[in-house]
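The basis for the numbers below is simple: all heavy atoms, side chains too, and nothing from hydrogens, waters or symmetry mates.
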2 protein chains.
Amino acid sequence: MADSSTQVRPGGRSAKVRAAVHRAVAELLAEEEAETLTLPAVAARAGVHPTTLYRRWGSTAQLLNDVATSRFTGDLVVPDSGSLAGDLQRWLADVATDVADPDTLALMRAAIGSGPAGGCACTEDRHRQLGAIIRREQDRGGTALDVEAAADFLLGPLYYRAIFTPEPASADWARTLVSTYLTTLRTP
Amino acid sequence: MADSSTQVRPGGRSAKVRAAVHRAVAELLAEEEAETLTLPAVAARAGVHPTTLYRRWGSTAQLLNDVATSRFTGDLVVPDSGSLAGDLQRWLADVATDVADPDTLALMRAAIGSGPAGGCACTEDRHRQLGAIIRREQDRGGTALDVEAAADFLLGPLYYRAIFTPEPASADWARTLVSTYLTTLRTP
DNA sequence: CCACTAACGCAGCGATCAGTGCGATAATTT
DNA sequence: AAATTATCGCACTGATCGCTGCGTTAGTGG
């Protein structure tokens with residue numbers, strides 16, 4: 001008890017409340033506009049008292065950050081198909097499918113609108129996954145790709161289409177993007 | 001007067017109110033968090049009665065759409081340097097400089113968070129400008145690039161970095177992106 | 001210059017939000 | 001099992017938001 005001052009308590013009840021609140025945020029964002037996403041509204045949907053939300057999260061921005069982080073972290077298994085092209089195609093197709101979901105898009109939009117950290121929360125784990133794929137190829141003895149450059153050319157167009165375009169990209173389009181990237185941009 | 005039913009009146013006063021409201025939105029987004037962007041707050045900053053905002057725009061979402069559309073439309077002159085590479089580099093460097101501004105980013109974030117149309121309002125005119133550059137090259141007898149593909153590989157990484165990354169891209173990076181695109185992806 | 005009417009300001013009314021003590025519950029430690 | 005305390009529910013308050021009639025101002029066309 002000599003550590004800083006706080007003592008986290010992730011027990012059964014807190015976890016249940018947290019899960020209910022997260023589900024309520026996702027449901028409300030999927031149903032109505034992001035305007036009505038207030039803490040009392042989330043509390044009513046989650047069956048939790050509003051005071052709890054004010055104490056644990058404080059504002060809708062921090063709540064959205066929390067929801068986005070846990071929603072977009074550890075949700076995709078990075079496959080091992082044996083080759084870099086196969087790994088990237090499988091993975092980016094999964095990302096495209098996830099991003100094409102309207103409910104997922106609504107959460108991303110709300111997180112972005114909540115502040116500069118909201119957008120990062122949506123793609124931080126994607127960068128980690130991409131880095132893992134590239135590192136595995138390197139361990140196999142293949143080419144060493146730059147993670148940043150790969151993110152620019154693979155995740156960039158994908159998320160750009162999702163956010164700034166009337167209709168998001170499809171899984172097939174993502175696979176084509178990977179092959180185009182690997183055949184033309186591989187350190188010319 | 002046999003047309004539909006409404007008669008627009010873009011006279012001096014309405015235009016002044018509109019300009020003051022737009023400026024107030026930009027200022028408030030630049031100063032504080034997007035949470036406090038309510039119609040009464042904007043009205044107070046603009047020196048306008050809140051009733052006006054409720055009547056003309058109705059909600060912060062529509063107001064943000066209006067502001068974003070007029071902010072990102074017709075703001076960049078598309079240069080004519082004589083070559084496709086020069087045009088694209090000059091133009092994308094200008095876009096990168098614009099997007100790197102924190103205040104501009106705050107407006108984009110808020111517009112995205114206001115709904116699916118908010119993101120499109122930020123890049124609709126960019127697509128038009130890119131199309132004009134490509135069409136001009138075509139008129140010169142040069143290669144015919146696909147506007148959609150060019151937007152994916154040029155605007156995609158740029159806006160992806162701006163929204164989903166801690167620090168946006170620089171003008172130099174944008175120029176490098178153009179040269180990489182033209183030397184490697186030109187219809188291989 | 002005058003009539004017309006779109007657009008704005010004013011006053012005010014629920015409804016809801018953000019936030020605060022205080023007691024109760026339950027997770028964790030000893 | 002008992003003590004400790006993080007976490008939650010309850011009751012409550014001030015402030016603000018969203019919205020609506022109604023009168024006034026000022027662009028616009030004749």
(Q) Tell me if a side-chain donor or acceptor on A:Ser170 pairs with a main-chain N or O of A:Trp173 at a distance below 3.5 Å. (A) yes
Q.
Which label fits A:His127 and B:Tyr160: parallel for a plane angle under 30°, tilted from 30 to 60°, or perpendicular past 60°?
A. parallel
Q.
B:Asp94 and side chain to side chain contact (heavy atoms under 4.5 Å, CB included): which single residue from B:Val77, B:Val78, B:Leu76 fits?
A. B:Leu76
Q: Enumerate the residues from residues 56-67 of chain B whose closest heavy atom to DNA chain D is under 4.0 Å, giving them by residue number; use none for an empty result.
A: B:Gly58
Can you check nucleotides 21-25 of chain D for protein contacts, nitrogen or oxygen pairs under 3.5 Å, and list what you find?
unit_1	atom_1	unit_2	atom_2	d
D:dG21	O6	B:Arg55	NH2	2.9
D:dC22	N4	B:Arg55	NH2	3.2

Q: Can you spot which of A:Leu92, A:Leu155, A:Val99 makes a side chain to side chain contact (heavy atoms under 4.5 Å, CB included) with A:Arg126?
A: A:Leu155
Q) Hey, does A:Leu88 have a side-chain heavy atom less than 4.5 Å from the side chain of A:Leu130? A) yes
Q.
Using five pairs at each end of the helix from C:dC1-D:dG30 to C:dT30-D:dA1 to define an axis, what is the angle between those two axes, to 10°?
A. 50°
Q: Enter the distance from B:Arg71:CZ to B:Cys122:SG here, rounded to the nearest 0.5 Å.
A: 9.5 Å
**Q.** Residue of the set B:Arg175, B:Arg135, B:Arg136 for which salt bridge (Lys or Arg N to Asp or Glu O under 4.0 Å) holds with B:Asp87
**A.** B:Arg136
Q: State which residues pass side-chain hydrogen bond (donor to acceptor under 3.5 Å, both in side chains) with A:Gln138; sequence neighbours excluded, sorted by chain then number.
A: none
Q) A:Trp57 vs A:His22 aromatic rings, parallel, tilted or perpendicular, using cut-offs 30° and 60°? A) tilted
Q) Can you give one letter per nucleotide of nucleotides 12-17 of chain C, 5' to 3': B if a protein heavy atom sits under 4.0 Å from the base, S if only from the sugar-phosphate, - if neither? A) -----S
Q | Member of B:Leu158, B:Leu154, B:Thr123 meeting the side chain to side chain contact (heavy atoms under 4.5 Å, CB included) criterion with B:Val95 | A | B:Leu158
Q: Output every pair passing side-chain hydrogen bond (donor to acceptor under 3.5 Å, both in side chains) with a member in residues 146-156 of chain B, not counting sequence neighbours, ordered by first then second residue.
A: A:Arg161-B:Asp152
Q: Please report the C-alpha distance between A:Asp66 and A:Gln62 in whole Å, then the side-chain angles of each, then the deciding distance to 0.1 Å, and finally whether the side-chain hydrogen bond (donor to acceptor under 3.5 Å, both in side chains) criterion is met.
A: CA-CA 6 Å; A:Asp66 189 25; A:Gln62 292 180 355; over 6 Å; no
Q.
Could you tell me how far apart A:Lys16 (NZ) and D:dG9 (C1') are, to the nearest whole angstrom?
A. 17 Å
